[in-house]
There are 2 protein chains.
Amino acid sequence: MVDKSFGSPSYRPLYDQIKVLLTQSLIGGEWRPGDMIPSEIELAQRYKVSQGTVRKAIDSLATENILIRRQGKGTFVATHNQDDVRLRFLRLTAESGQKELLQNEFLSCVKSKANVHTGKVLEIKAGATTIEVKRLLTFSGRPLIYDYIVVPAAPFKGLNRAKVEESNGSMYSMYESQFGIRMIRAEERIKAVAASAEVASSLGLKEGYPLLSVERVSFTYGDRPMEWRLGFCLTDDHHYMSELE
Amino acid sequence: MVDKSFGSPSYRPLYDQIKVLLTQSLIGGEWRPGDMIPSEIELAQRYKVSQGTVRKAIDSLATENILIRRQGKGTFVATHNQDDVRLRFLRLTAESGQKELLQNEFLSCVKSKANVHTGKVLEIKAGATTIEVKRLLTFSGRPLIYDYIVVPAAPFKGLNRAKVEESNGSMYSMYESQFGIRMIRAEERIKAVAASAEVASSLGLKEGYPLLSVERVSFTYGDRPMEWRLGFCLTDDHHYMSELE
DNA sequence: GAGTGGTCTAGACCACCAA
DNA sequence: TGGTGGTCTAGACCACTCA
């Protein structure tokens, strides 16, 4: 039950405690991606607080893109399985601004062991089993991104070529429907590099050609890292979009 | 005065109207960067609404980094003139994570005319007078960024070499104190490019070396574009950090 | 202690959606 | 028409800061 005591040494606002309880229900799978959660009034009764306090907790989760409010309908668990947000984390857009047909070209999928770096960022032991996927993303038929993806094997048991190909571009949508794992945010580290021989041949370029190197770590509920990837992007006719606030 | 009428064709929430009024006071200079604005209670009386409504308007401006709330003290107009936010828009960090000494090396400052592109993004006529600044940013003594900056001449009348050198890295801090212009957000378009002869020589590289090209448009109150810049960054030991939410 | 922002409540009413 | 989220109010009380 919630703790309304003030002045206690570990004072936390009520709405913050409600937020934790809601998050726990999300982690525990009581409400799954796409589901509608109970109404504010119901939740207020369940947690024995006012509707306004539940509201504030939900507001916070909504600005984090974890829940989605729809006036007149209800509040829903966010998902990558909708056309409008399927590629929420893809920041690469055409210089012309035109929409493009995105396709997935499978390269490989093998079991491996975490090295020091991937072990560290995924918070697993170096040497723990991982699954490594390589793929090409084509924009309107032209290969523009070479992706190298590493995930811990345990929560993604059964990930294989077929599932990657079915994903049709959005791994995150596939993670949700196949493994019940939802990514809520990611961090990217970007550099300019010269294309290696392997990447250059996959993208049809000369070795040494300037590419955008994008290293990404993705996090699920509770800020637990669940995927590491390294992408090499050809940015001759495209750019990476970033908003500074 | 505010308009509480519901059901009107152009319905806007009260707090949204208050937000506009607050923004107008910021644009008009009633409260300048660093100033404390009136208390919530005072503002509620001034606008004849409840404190909670003023609160919601201020909350919104605070999440946009336009105002800053300090419990027990008051609400202040955000500024770039503080050590902790002087480089708020600088996303380049060392691979090692170490803090670095940032310095400004002046290259040039000339009057010019807006071309089609800068005219368009700055929303001024192509051919209108602009001021163009070139500078080098050095990290711990090593030149890493070549910046080419264009601003409209009118609002920045008097911008010259001395002012750029005084800025010591943060143009935004200088814009505020010298011209009363505060930037609240920016958009960046990032690509990987091969270094041109001019940029390569400034950064001490071979022509063709891979560099991060960062094109930025910065906006002041009311989302008016006020600066365009193109930066070329050496990312051998640094990366551009981006958060996806 | 006085003044500021922050939390929490209870209740009234509006806007939107679906059946 | 009923249910959902969205707005607005009024008031009580807590937490933080500074003189």
Side-chain angles (χ1 to χ4, degrees), chain A residues 1-22 31 34-78 82 84, chain B residues 1-22 31 34-78 82 84:
Chain A
M1 197 41 48
V2 294
D3 170 21
K4 302 192 191 187
S5 68
F6 292 101
S8 81
S10 61
Y11 169 68
R12 274 188 96 181
L14 255 184
Y15 65 80
D16 232 53
Q17 300 176 49
I18 305 299
K19 191 179 162 183
V20 171
L21 293 173
L22 294 173
W31 312 312
D35 284 358
M36 175 174 157
I37 71 169
S39 76
E40 296 177 350
I41 294 172
E42 274 181 82
L43 291 170
Q45 288 165 349
R46 180 198 295 199
Y47 300 128
K48 300 217 166 47
V49 297
S50 78
Q51 187 189 352
T53 301
V54 169
R55 242 188 122 58
K56 201 156 180 189
I58 292 178
D59 276 346
S60 171
L61 290 167
T63 60
E64 293 174 42
N65 294 116
I66 292 172
L67 295 177
I68 297 180
R69 327 190 64 143
R70 294 191 204 286
Q71 183 171 143
K73 290 180 159 180
T75 300
F76 299 80
V77 182
Q82 290 169 232
D84 53 330
Chain B
M1 197 40 47
V2 295
D3 169 22
K4 303 192 188 186
S5 68
F6 292 101
S8 82
S10 61
Y11 169 67
R12 274 188 97 180
L14 255 183
Y15 66 81
D16 232 53
Q17 301 176 50
I18 304 299
K19 192 178 161 185
V20 171
L21 293 173
L22 293 173
W31 312 311
D35 284 359
M36 175 174 157
I37 72 170
S39 76
E40 296 177 350
I41 294 172
E42 273 181 84
L43 290 170
Q45 289 166 346
R46 178 198 294 199
Y47 300 127
K48 302 218 167 42
V49 298
S50 79
Q51 186 189 351
T53 301
V54 169
R55 239 189 127 57
K56 201 156 181 191
I58 292 178
D59 276 345
S60 171
L61 291 168
T63 60
E64 293 173 43
N65 294 117
I66 292 173
L67 296 177
I68 297 180
R69 328 189 63 141
R70 295 190 203 284
Q71 183 170 151
K73 290 181 159 180
T75 300
F76 300 80
V77 182
Q82 288 170 233
D84 53 329

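Here is the naming used below: chain letters follow the sequence lines, and residue numbers restart at 1 for every chain. Given the structure is predicted, the values throughout are model-derived calculations rather than measurements.
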For this session: For A/Tyr15 and A/Ala57, work out which heavy atoms get closest and say how close.
Result: O-CB, 3.4 Å
In residues 66-74 of chain B, what donor-acceptor pairs under 3.5 Å come from side-chain atoms, sequence neighbours left out?
| from | atom 1 | to | atom 2 | distance (Å) |
| --- | --- | --- | --- | --- |
| B/Arg69 | NH1 | B/Asp59 | OD1 | 2.5 |
| B/Arg69 | NH2 | B/Glu40 | OE2 | 2.1 |

For this session: Quantify the bending of the helix from C/dG1-D/dC18 to C/dA18-D/dT1 as the angle between its end axes, each fitted on five pairs, to 10°.
Result: 10°
Seminar exercise, completed: Residues passing the side-chain hydrogen bond (donor to acceptor under 3.5 Å, both in side chains) test with B/Ser39, sequence neighbours excluded, are none
For this session: Respond yes when some side-chain nitrogen or oxygen of A/Thr53 is under 4.0 Å from OP1 or OP2 of C/dT9, and no when none is.
Result: yes
Seminar exercise, completed: Which of C/dG5, D/dT7, C/dC8 is nearest the side chain of A/Pro13? It is C/dC8
Exercise. Between atom OH in B/Tyr15 and atom P in D/dC8, what is the gap in whole Å?
Worked result: 7 Å
Exercise. Rounded to the nearest Å, what distance is computed from the CD atom of residue B/Glu40 to the C1' atom of nucleotide D/dC14?
Worked result: 14 Å
Problem set entry | Set of residues satisfying side-chain hydrogen bond (donor to acceptor under 3.5 Å, both in side chains) with respect to B/Thr53, sequence neighbours excluded | B/Ser50
For this session: Could you check which residues of residues 55-66 of chain A get a heavy atom under 4.0 Å from DNA chain D? Sort them by number, please.
Result: A/Arg55
Exercise. Who are the side-chain hydrogen bond (donor to acceptor under 3.5 Å, both in side chains) partners of A/Lys56, not counting sequence neighbours?
Worked result: none
Exercise. In residues 67-74 of chain A, which residues come under 4.0 Å of DNA chain D by heavy atom?
Worked result: A/Arg69, A/Arg70, A/Gln71, A/Gly72, A/Lys73, A/Gly74
Exercise. Which residues satisfy the side-chain hydrogen bond (donor to acceptor under 3.5 Å, both in side chains) test with B/Gln45, sequence neighbours excluded?
Worked result: none
For this session: Check salt bridge (Lys or Arg N to Asp or Glu O under 4.0 Å) between B/Glu42 and all other residues, then give those that pass, not counting sequence neighbours.
Result: none
Exercise. Quick one: A/Asp16 CG to D/dC14 C1', roughly how many Å, whole number?
Worked result: 16 Å
For this session: Starting at atom CD1 of B/Ile41, determine the distance to atom P of D/dC13, rounded to an integer number of angstrom.
Result: 16 Å
For this session: In whole angstrom, give the distance that lies between atom CE of A/Met36 and atom C1' of D/dG3.
Result: 8 Å
Exercise. In chain order, what residues pass the side-chain contact (heavy atoms from CB on, under 4.5 Å) check against B/Ser60, with sequence neighbours excluded?
Worked result: B/Lys19, B/Glu64
Problem set entry | Distance, rounded to the nearest Å, where B/Lys19 contributes NZ and D/dT7 contributes C1' | 16 Å
Problem set entry | Side-chain N,O (A/Ser50) to OP1/OP2 (C/dA10) below 4.0 Å | no
Exercise. Rounding to a whole Å, what distance do you find between A/Gln17:CD and C/dC8:C1'?
Worked result: 12 Å
Problem set entry | B/Tyr47 OH to D/dT9 P, straight-line distance once rounded to whole Å | 14 Å
